[in-house]
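To start, the structure under review is shown below, and the notes come after it.
Numbers restart at 1 for each chain; the letters A, B, ... are given by sequence-line order, proteins then strands. Computed over heavy atoms, backbone and side chain alike; hydrogens, waters and symmetry mates excluded.
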Amino acid sequence: MTSTPDGSAPGSRPGTDFIRQIIARDLARGLHDGRVVTRFPPEPNGYLHIGHAKSIVLNFGIAGEHERGRCHLRFDDTNPITENVRFVESIQEDVRWLGYDWGEHLYFASDYFEEMYACAVELIEKGLAYVDSQTEEEIREGRGTVTVPGTPSPHRDRPVAENLDLFRRMRAGEFPEGAHVLRARIDMAAPNMLMRDPVLYRIRHAHHYRTGDAWCIYPLYDFAHPLEDALEGITHSICTLEFENNREFYDWLVENVSIPHRPRQYEFARLNLDYTIMSKRKLLRLVEEGRVEGWDDPRLPTLAGLRRRGYTPSAIRAFCEMIGVAKADARVDMAKLEYAIRDDLNRKAPRVLAVPRPLKVTLTNWPEGRVEELDAPFYPRDVGLEGSRRLPFSGELFIDRDDFSDDPPPGYRRLVPGGEVRLRYAYVIRCDEVVRNEAGEVVELRCSHDPETRSGSAPSGRKVKGTIQWVSAAHAVPCRLRTYDRLFSVPDPDAAASHAGVDAGTPSAPAAGIHGDFRDFLNPESLEVLEDALIEPSVVGDAADTRYQFERVGYFWRDPVDSTPEALVFNRIVTLRDTWARRREAAEAPPASPKTSGVKPGAGESGPTTPSRKTGATGPRPELPPEARARADELERSHGIGRVDAEILARDSAVEAFYRAAVSAYPGRPRKDRPAGSISVANWVINELPPVLGDRNPADLPFDAAALGRLVGLVDDDTLNSSGGREVLEVMAREGGDPAAIVEARDLSQMRDPDKLEGVALGVLEAHPGKVKAYLSGKRGLEGFFMGQIMRETRGKADPELARGILRKMLGTHDSGEAGD
RNA sequence: UGGCCCGUCGUCUAAUGGCAGGACACCGGUCUUUGGAACCGGCGGUGGUGGUUCGAAUCCACCCGGGCCAACCA
């Protein structure tokens, strides 16, 4: 509930996402001497949007959480033809506005061009890069496709000296654009397309906004970015998911070039927001085509747009913390952003009265010419801020058209003919007469006020169903209101576009507006302007950046560009939460299938997912090569291993060899209640080995198959329980060693003494009387909790079967009486 | 289709082999001179099938679904 000084959202708990966990782990391992260096690396080719805010909040946030943390602002300006200073300025402004400070750590990739060049030369000298002189199209064709391997360039084996010479001359400007490129020399058949000799440098006779004409070759992202990170001593290079495939080259580069530091890249899911788009390219198009009024159009998700709309930096930060950081593709509900800004403004914004669509009200029993000054607080009690103003009240007023109805829907709580309503901070009035024009439109209400009901005076005792806002006709200030709604009419314009036809998002797609373009889904009602609104006079002298709550209407502030003291223009930042409007919509709109359709698709029709594959048990579908199948047959036959497991072992000869060697070290003692050793070993090799194996081949493990066999033996003969076995395996996978010795050294042998176990179980139950009660009254899931406690007490050594029996006996449930479900 | 990544309430996100929790949304209530706020309560989830384990959201296998990669963009 506490609002932290930086305005974090209540309930947000920064510090638990997977990236922070990695960093914490690294720090615990003593990496980087406790330094945590992140970076926010925008390309200055567009404005920042709220998706960038997520990244900024993450990177700067992490840096701020550590003693030796810092976050660099680095412009990734390696493409002179799309980038310019205007963008570098706007980006700096936006980051600063969001509340972050990069101190002296402002960097430009273009400042590293000389170092990058040197790295390229190093690669050439090592035979790891070459100058390719094919055309762009030839290079593309040579790369192959995802399913067919690429073919080597005819220049791939150019001598080092020739490459060096060519590359030097590329730099010297001797060649036209496209004549040559520098490529890494890796593997044209790599399954990862990015490893098929990616292009490192291209020739661009272009003027760079910072380096001028000093260079005519420019590095590409894949080459430049890791070097920038390395040069700056970045420890954790955090980017979005679409760069996952690039990580392999990132690692290849930093390993093959002499640099002072080895950074690592981690990827998280970028932000997608409902009813808007986050692509800089598409945003640029909306701006250039005039579909919106500029990069700071308040309907845009750009930081400039949000800022002009009136969003606060603290709300955006709170939002970013609320949505979390993970690797699953996410599409966040607009309601979350709106919650963040409302929650922020609710606590800060003074309340004032404004009337968007004025309807005249004449008080027939008000003394001619009389004006009263009513005292009105700026904040409701629960906000807890001080301050009030005097509101002029007279016999000629305006209320909002929406607050009067001569055909009120059920539940309507405002003014109706003959009805009463309270004027906020003022009197109760009754509508005596409705005045209409020739067209039958209501143009005026003639009402009478009750002098006894003056706000604050006496305990009026009157129960009036509604309260509405108003302004005094003679005192109100005219203003223009701009209300904004979602930019698009569908939650995912890109998806809608690709369903409808062409996805204009891929480079190959023609830029022209064929059918199915995301722009087809622009919401025509995203902007509404109310020209004749009125507002109470107290706002006239306020600071231009004052954010208000117009009571019962929404949060607003002056448009920073168009509003002048003579002609006020207010932007609606966000509406108030409006349960009435919601109920109305629900009532009017779809009486569709009774809301019962909350039934999940999975509930009734789980059938469709278990379809075609009737043929036998589920198992490895990919058919094995014949010899592997033969070995699987043999394993199945003479080792007693199930078909599925046999195939898993047989399909990888290294694994199979490891398994066979382990079995020969531990053939297993034949016992009636135990599977043969071969089956135990197979289970361990199949289920437990892979997690500790990582990328390694079984043969590269620091222990041999015989050791695994002995370990399985230790588990089978009850020296170890299964979690002890896994612990030993982890140790072996880390540092090798003999299982028995590890058990000895770590004191892991299983605790099987029933008396001791009983003591432990008793202690656990006594320590958690509430849980015991809950268990007894049916919450059987708690057995896992108790078991967990027992295992913890015994440092994982308790014989779990024994312990469970004891536990159940103590709790009065029998082994047979299944605790489950 | 080759490779990589990802599937937990409607949405976002925790739980790192041991009680499936939080936030937003939604529904209901209390309070209210904002149909606001606050407070209380409710609804609601591990994509599927097998396996390993005393115990699986978590480990293994397969299936299903989604994302990314074939710019001299980033």
Side-chain angles (χ1 to χ4, degrees), chain A residues 9-13 16-17 21 43 45 76 78-79 82 136 139-140 143-148 150 177-178 181 190-194 196 199 201-204 220-221 225 241-246 248 267 269 274 322-324 326-333 335-336 339 342 346 351 380 382-383 411 413 422 424-425 455 464 466-469 507 549 551-552 576-581 583 598 600 602 606 609-610 613 617-621 642 644-645 648 683-684 686-688 690-691 721-723 726 771 774 779 781-789 791-792 799-804:
Chain A
S12 78
R13 243 183 341 145
T16 51
D17 60 75
Q21 285 177 26
E43 183 191 12
N45 68 345
D76 209 357
T78 57
N79 187 357
T82 57
E136 196 171 338
I139 289 178
R140 186 164 46 243
R143 193 150 28 222
T145 71
V146 290
T147 46
V148 352
E177 290 186 9
V181 292
N192 181 351
M193 299 289 296
L194 286 161
R196 321 244 261 227
V199 174
Y201 269 93
R202 76 296 220 188
I203 298 170
R204 282 272 178 282
L220 278 98
Y221 171 87
H225 207 89
L241 247 27
E242 66 270 27
F243 292 98
E244 269 175 329
N245 297 322
N246 303 58
E248 190 177 353
E267 310 90 17
D274 272 352
M322 243 185 298
I323 58 177
K327 293 193 74 161
D329 289 307
R331 168 161 297 279
V332 175
D333 194 332
K336 209 145 197 164
Y339 171 82
R342 283 191 194 112
N346 174 51
R351 274 62 169 175
D382 52 278
V383 166
R413 302 218 301 245
R422 161 144 243 135
R424 181 75 159 153
Y425 307 124
S455 196
V464 185
T467 300
I468 62 174
Q469 81 279 12
Q549 185 194 105
E551 292 208 41
R552 308 204 317 119
L576 253 29
R577 189 163 159 270
D578 188 347
T579 50
W580 167 251
R583 205 181 321 163
K600 263 124 258 82
S606 61
T609 36
T610 28
R613 262 302 169 274
T618 55
R621 287 335 309 173
V644 172
D645 289 352
I648 293 171
N683 281 339
W684 278 82
I686 292 168
N687 294 309
E688 311 298 347
N721 63 24
S722 60
S723 36
R726 263 193 306 273
K771 302 275 193 197
K779 192 168 180 188
L782 251 19
E783 181 177 282
F785 167 77
F786 295 130
M787 280 296 292
Q789 293 299 308
M791 296 311 282
R792 177 165 319 187
D799 177 327
E801 265 170 294
L802 217 49
R804 160 164 269 156

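Judged by ring centres under 5.5 Å apart and planes tilted less than 30 degrees, A:W580 stacks against the six-membered base ring of B:G35.
Summary of the strand contacts: A:R726 and A:R552 both lie near RNA chain B, and taking for each the nucleotide with the nearest heavy atom, the more 5' one is attributed to A:R726. Along RNA chain B, the nucleotide closest to A:R140 and the one closest to A:I323 are compared, and the more 5′ of them pairs with A:I323.
Among B:U13, B:C12, B:U33, the nucleotide with an atom closest to any side-chain atom of A:A326 is B:U13. For A:V146, whose side chain is taken as the heavy atoms from C-beta onward, the closest listed nucleotide among B:U34, B:C12, B:A70 is B:A70. Nearest to the side-chain atoms of A:M193 among the listed nucleotides B:C60, B:G67, B:A70 stands B:A70. In this structure, the nucleotide among B:A74, B:U33, B:C5 sitting nearest to the side chain of A:D76 is B:A74. With B:G10, B:U34, B:C73 as the choices, the nucleotide that has an atom nearest any side-chain atom of A:R202 turns out to be B:C73. Checking B:U34, B:A37, B:A74 against the side-chain heavy atoms of A:R577 singles out B:A37 as nearest. Of the listed nucleotides (B:G35, B:C12, B:U52), B:C12 has the atom at the smallest distance from the side chain of A:A330. Comparing B:A61, B:G10, B:C72 against the side chain of A:V644 picks out B:A61 as the nearest. In this structure, of B:A74, B:U53, B:G7, it is B:U53 that holds the atom nearest to the side chain of A:N683. For A:D329, taking side-chain heavy atoms from C-beta onward, the closest of the listed nucleotides B:U52, B:C12, B:G66 is B:G66.
Listed by chain and number, the residues in a side chain to side chain contact (heavy atoms under 4.5 Å, CB included) with A:M787 are A:E783, A:P800, A:A803, A:R804, A:L807 (sequence neighbours excluded).
Phosphate contact (OP1/OP2 of B:A74, side-chain N/O of A:T78, threshold under 4.0 Å): present. Here A:T579 reaches the OP1 or OP2 of B:G36: one of its side-chain N or O atoms lies under 4.0 Å away. Proximity of A:Y339 to the phosphate of B:C24: a side-chain N or O atom is located under 4.0 Å from OP1 or OP2.
Taking atom CD on A:E551 and atom P on B:A37, their separation rounds to 13 Å, with Å as the unit. In this structure, CG of A:N79 is placed 12 Å from P of B:C72, rounded to the nearest angstrom.
Base orientation of B:A57: anti, since the glycosidic angle falls outside 90° of 0.
Within 4.0 Å of A:R143, counting heavy atoms only, lie sugar-phosphate atoms of the nucleic acid but no base atom. When heavy atoms are screened at a 4.0 angstrom cut-off, A:D799 is found touching no nucleic acid atom at all.
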